[in-house]
Amino acid sequence: MPRTPGIVLALAATGCLWSSDLRAQTPNPEKPEAAKPQTDDKSKDQAKKDEAKPAPAKPPTDPIDRIKEEGDKRSQVMATLSYLTDVIGPRLTGSPNLKRANEWTRDTLTKWRLENAHLEAWGPFGRGWTLKRFSAQIVEPQCIPLIAVPKAWSPSIDGPLTAEVVYFDVKKEADLEKYRGKLKGAVVLTSAPPDVPARFEPLATRRTDKELLDLADAPEPGGRPQAGRRGGRAFSPEARARMELAAKKTRFLADEGAALLIDPSRSGDGGTLFVQAASVPGSPPPLPPANGEKGEARTPPPRRLSPWDKDAPKIIPQLVMAKEHYNRLVRMLQQGEKLKMAVDLVVAFHDDDLMAYNTVAELPGTDLKDEVVMLGGHMDSWHGGDGATDNAVGVAVAMEAVRILKALDLKPRRTVRIALWTGEEQGLHGSHAYVAKHFRKAAEPRSGDASEEDDAKHEDANLPEYDKFSAYYNLDNGTGKIRGVYLQGNDAARPIFRKWLQPFRAMGAATLSSSNTGGTDHLSFDGVGLPGFQFIQDEVEYNTRTHHSNMDLYDRAQADDLKQAAVIMAAFVYNTAMLDDKIPRKPAPARSRPPVRAASLTPKVAD
C-alpha cells in the first residue's frame, strides 16, 4: 500500500476542484433557502410578464377584415407592377410588348387559379410600332446632349442624320413663304419656345379636405358621356383658325421635304417631357349644321387617318424635346448661331396582326353565377417611359384584387370577371368593343330626321348578358390611393357605397361624388346604361410628372397607396357579388343629337 497516500492526495485535490466548480454553479448548500426566493421571484415575474402579453391574435373571420389582412401582409401588387414595367416595358397598342403583356397576365391569372383566362380579340386596330434605336445631340458649334423622345408611329430616319437646324417661326399663313425652298433635309423646330416658370408648388399632392368636400358637394351631372369616345368640345372661331393654320404648316413642311420635326413638350420641365403619337397631315372637316333639327341634312365628318392605320400616308419623322433644351436651341438660332444636329432613329412597324386583344379571366360565382361583376384597368401605355402610373398600376391593383379573393377562397355569389383593356390611349377601343360584343352597342348620334322607331330598334340591341350585369369598377388615375367613388350621376348607388366605405375611412376613403369623370374605360359601360365607376384617387404626381411622360416609371409608384387601392377594389367587387340585387342603374341612353364637334388635328388619345 505504498501508493495510498498519493492516491488520497490526488483524490483530495480532485475533490476540491470538483467541489469548487459545483459551488460556482449551484446555491450554497449550507444556505439552501437563500437562493430559492430569487428563483421563485423570477418565476413570478415571468408569469406576470406572460400574463401581460396579449393572446395571439385570432385570424379575422369577417370577409372584409380578411381582405384587409391579405392585402396588407401578403401583397403581390408591386411584384406584378415590376414585371409589367421593368421586364415587359412600354405597351403601345398593337406592339409586341403589349401582346407579351396580354399573354403574361393571362398566364399569371391562370397560375393564381382563376378560370377561363383568355385573350379576346377586337379590331382591326392597325399597325404596331417599336422604337429600336434613338439618339440626338447638337454637334456644331459644340456638343449639346439633348433630352428628347420620338413620337409613337414616327418613321425611321434613313441612316444617321446630321443636318442644319431651322426655327420655323410661322404666326400666320403669309409667313410660310419666307421658308419656301429652305427646309429640304433640315431639322425643323416647329413651335414658339414655351415659358418655363419656376415651380413654387410641390410636384406631388394629396387631395385636401376642401377638395374632397367640393367633390362631395358636386351637383348631379346633366349629360352622359358617349361610350368609347373621348368627348370633346365645340371650337371657337379663333381656335378653329389656329387648327387650320397648324394643318397648313404640317402640309407645308411635308411638301418642302423637311427631314425631322421637333416639338417642345406640351407640359413638364426639369427634363420631364410628355409624348404621344405622331401627327398625320390633315385639316378639320367643314362644320355641318349645328342644331341637328328634324329634317336637316347633316354632313358626316370624313374619316381621319391615324398614324397607326395600315393605309396611313407617309409622314415626316417627329420628336418631342424637353422644354429647356428646345428653348436653348431657339435662342441660339435667334442670335445667329448655325446649329447642326446628329440624330439616329430606327423603328419597326408591325402589321402581321392588325387585331388587338383584351385579357379576361373569372372567379366563378355560386347561386348567382350567371350574373357578373367586373373590374379592370387598361394595360396599354405610351412609350416615353414604361407606363407605370398610366396604367400598369391599375392593372396590378385589379389583378391583386382578384388574387386576394381567390387566395382567401371566398365564394362570391356572382361571377367576378377581370378585364385588362387595350387601345384605351387611342380612344377606349378595347373596352368599347367588349361592351358592344357582350352587352350593348353604344348609342350613336342620329340624323335630324331620325324617327322614334329608330330609337325603338336601338333598344333591341341589348344582348342577353346586359340584364345579367351588376357593375364595373375601374382604376386609371395614377398611383394615388383611393379616396372614394365617382357615382357618374347614379345617386341610387350612394347609400350602398357609403356603407361599403365605412371600413376604409381610416385609410382615407370616404368621399362619394355625383360628378362624372371621363377619359377612361368605365365610360364604355356608363354609355350604354350599365353601372360603371372610376375610383376617386389622390393625384400624387400624375399630371405634373408621370402622365404620358418619360418619367412614367416604376419608381414613381407608391406601394402603400396601391396596396390600399387593391384592398378597397377587392372589397367593392366582393360586396357587389354578394348583394341580393344588382347595383341600381341609370336609365339607358337613347340615340342622341350631340353638338357638332370639330375634329382634332392630332389623333384622339385617352387620359
Side-chain angles (χ1 to χ4, degrees), residues 93 207 211-212 214-235 266-267 274 276-277 374-382 389-391 393-394 398 419 421-436 442-445 471-478 480 482-491 493 511-539 542-543 546-548 585-589 592 594-600 602-607:
T93 300
R207 291 186 183 271
E211 289 169 341
L212 291 170
D214 289 344
L215 279 171
D217 290 341
E220 187 171 337
R224 180 191 303 277
Q226 289 292 308
R229 292 170 173 79
R230 303 292 304 153
R233 63 186 185 277
F235 294 106
R266 62 177 170 80
S267 187
F274 293 71
Q276 296 177 198
M374 291 189 67
L375 70 160
H378 74 88
M379 189 157 50
D380 63 303
S381 75
W382 289 107
T389 70
D390 189 23
N391 182 40
V393 291
W421 313 113
T422 59
E424 191 269 357
E425 297 292 3
Q426 291 73 42
L428 316 186
H429 294 316
S431 59
H432 179 57
Y434 185 89
V435 167
E444 298 176 355
Y472 169 73
Y473 300 100
N474 193 75
L475 196 82
D476 181 24
N477 282 157
I482 289 174
R483 307 303 302 275
V485 186
Y486 292 105
L487 294 173
Q488 297 294 130
N490 187 352
D491 220 49
T511 300
L512 295 171
S513 178
S514 294
S515 59
N516 288 336
T517 185
T520 188
D521 292 293
H522 68 293
L523 294 182
S524 295
F525 295 83
D526 186 66
V528 299
L530 294 174
F533 304 100
Q534 163 70 26
F535 290 102
I536 300 169
Q537 294 175 254
D538 280 336
E539 183 171 301
Y542 196 53
N543 287 320
T546 65
H547 183 221
H548 300 175
R585 300 181 179 184
K586 298 183 291 187
S592 60
V596 172
R597 307 189 190 284
S600 170
T602 55
K604 294 286 187 183
V605 294
D607 292 335

Calculate, to the nearest 0.5 Å, the distance between atoms [atom1] and [atom2] belonging to [X] and [Y] respectively.
| X | Y | atom1 | atom2 | value |
| --- | --- | --- | --- | --- |
| Tyr486 | Asn516 | OH | CG | 10.5 Å |
| Phe535 | Asn474 | CZ | CG | 9.0 Å |
| Leu428 | Thr520 | CG | OG1 | 6.5 Å |
| Asp214 | Thr511 | CG | OG1 | 10.5 Å |
| Phe533 | Leu475 | CZ | CG | 15.0 Å |
| Leu512 | Leu212 | CG | CG | 11.0 Å |

Could you tell me if the side chain of [Y] sits less than 4.5 Å from the side chain of [X], heavy atoms only?
| X | Y | answer |
| --- | --- | --- |
| Arg483 | Leu215 | no |
| Asp380 | Gln426 | yes |
| Trp421 | Asn391 | no |
| Asp526 | Tyr472 | no |
| Asp476 | Glu424 | yes |

Under the rule for side-chain contact (heavy atoms from CB on, under 4.5 Å), what residues qualify as partners of [X], not counting sequence neighbours?
| X | result |
| --- | --- |
| Asn543 | Glu539, His547 |
| Arg266 | Phe274, Gln276, His548 |
| Ser381 | Pro90, Arg91 |
| Ala218 | Ser513, Ser515 |

- Task: In sequence, state the C-alpha distance, the side-chain angles, and the governing distance for Glu220 and Leu487, and then conclude on side-chain contact (heavy atoms from CB on, under 4.5 Å).
- Result: CA-CA 9 Å; Glu220 187 171 337; Leu487 294 173; over 6 Å; no

- Task: Grab the two heavy atoms, one from Gln488 and one from Pro221, that are nearest each other, plus how far apart they are.
- Result: C-CG, 4.3 Å

- Task: Mind listing the closest non-hydrogen atom pair of Gly480 and Gln537 along with its distance?
- Result: O-NE2, 2.9 Å

- Apply side-chain contact (heavy atoms from CB on, under 4.5 Å) to Val485 and Tyr473, showing your working. CA-CA 10 Å; Val485 186; Tyr473 300 100; 5.8 Å; no

- So, His522 side chain and Thr517 main chain: donor-acceptor pair closer than 3.5 Å or not? yes

- Query: By side-chain hydrogen bond (donor to acceptor under 3.5 Å, both in side chains), which residues pair with Asp491, not counting sequence neighbours?
  - Reply: Arg494, Ser514

- For Asp521, what residues pass the side-chain hydrogen bond (donor to acceptor under 3.5 Å, both in side chains) criterion, not counting sequence neighbours? Ser431

